[in-house]
Amino acid sequence: IRIDVVSSRLPPGPRRVFDLVALASLVGVAVLLAWQALGVFGESVRLGSVSNTPLRVPLWLPQGLWLAGLIGFALAAAILLLARLIRHAPPPPSDVFEER
């Protein structure tokens, strides 16, 4: 469902809050996925699981790549959220940098 119809009609302030909540939700989901993938990866390593094929590929190999991708996704989303928060942060008061 597209939410652009709603967000495009909001004033700039509420739109920024709306965008930040959406981005924070994305970070939360990405971290949750990476956390769960870490558990699957660890269990495959601990049990020595292999694929059910004649090659008998250790499952930690593809799951490790999957985990690395999810960690990268979570980091990218967190960096984007941090950059957005810094960009929208109010500037410091002008007298903070003045010598007394």
Side-chain angles (χ1 to χ4, degrees):
I1 298 173
R2 304 268 312 177
I3 58 170
D4 292 345
V5 174
V6 174
S7 68
S8 66
R9 292 191 169 114
L10 291 174
R15 186 180 315 152
R16 285 189 199 109
V17 171
F18 196 65
D19 289 342
L20 287 174
V21 168
L23 195 51
S25 298
L26 178 68
V27 171
V29 168
V31 168
L32 180 64
L33 285 171
W35 180 259
Q36 293 299 316
L38 180 62
V40 171
F41 174 77
E43 189 171 334
S44 291
V45 169
R46 184 175 58 83
L47 296 175
S49 300
V50 294
S51 65
N52 190 16
T53 64
L55 292 176
R56 302 191 48 84
V57 175
L59 288 179
W60 65 267
L61 289 170
Q63 290 171 352
L65 294 173
W66 175 54
L67 175 61
L70 287 172
I71 290 172
F73 173 56
L75 285 174
I79 290 169
L80 184 60
L81 176 62
L82 183 63
R84 186 71 55 100
L85 285 170
I86 290 171
R87 188 172 62 181
H88 290 306
S94 60
D95 64 340
V96 169
F97 298 108
E98 293 178 9
E99 290 186 31
R100 294 180 184 205

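Everything numeric in this text was worked out from a predicted model, so none of it was measured.
- To the nearest 0.5 angstrom, L75 atom CG is 11.5 Å from L82 atom CG.
- In this structure, L38 is a member of the same hydrophobic cluster as V45, with clusters built from ILVMFWY side-chain heavy atoms closer than 4.5 Å.
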Show the atom names and distances, to 0.1 Å, of all donor-acceptor pairs under 3.5 Å that link a side chain in residues 17-36 to residues at least two apart or in another chain.
from: S25; atom 1: OG; to: V21; atom 2: O; distance (Å): 2.9

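- Applying the side chain to side chain contact (heavy atoms under 4.5 Å, CB included) rule to T53 yields the partners S51, L55; only residues at least two apart in sequence or on another chain are considered.
- Using a 4.5 Å cut-off between side-chain heavy atoms of Ile, Leu, Val, Met, Phe, Trp and Tyr, with links allowed through other members, V40 and W60 fall into different hydrophobic clusters.
- The hydrophobic cluster containing L80 also contains L85, counting ILVMFWY residues as joined when their side-chain heavy atoms lie under 4.5 angstrom apart, directly or transitively.
- Of the inter-residue distances, the one linking R16 atom CZ with S7 atom OG reads 13.5 Å to the nearest 0.5 angstrom.
- Note: L70 CG to Q63 CD = 11.5 Å, rounded to the nearest 0.5 Å.
- Under the 4.5 Å side-chain heavy-atom criterion for ILVMFWY residues, no single connected hydrophobic cluster contains both W66 and I71.
- Across all non-hydrogen atoms, the minimal contact from L10 to R15 is O-NH2, 2.8 Å.
- Under the 4.5 Å side-chain heavy-atom criterion for Ile, Leu, Val, Met, Phe, Trp and Tyr, L67 and V57 are members of the same hydrophobic cluster.
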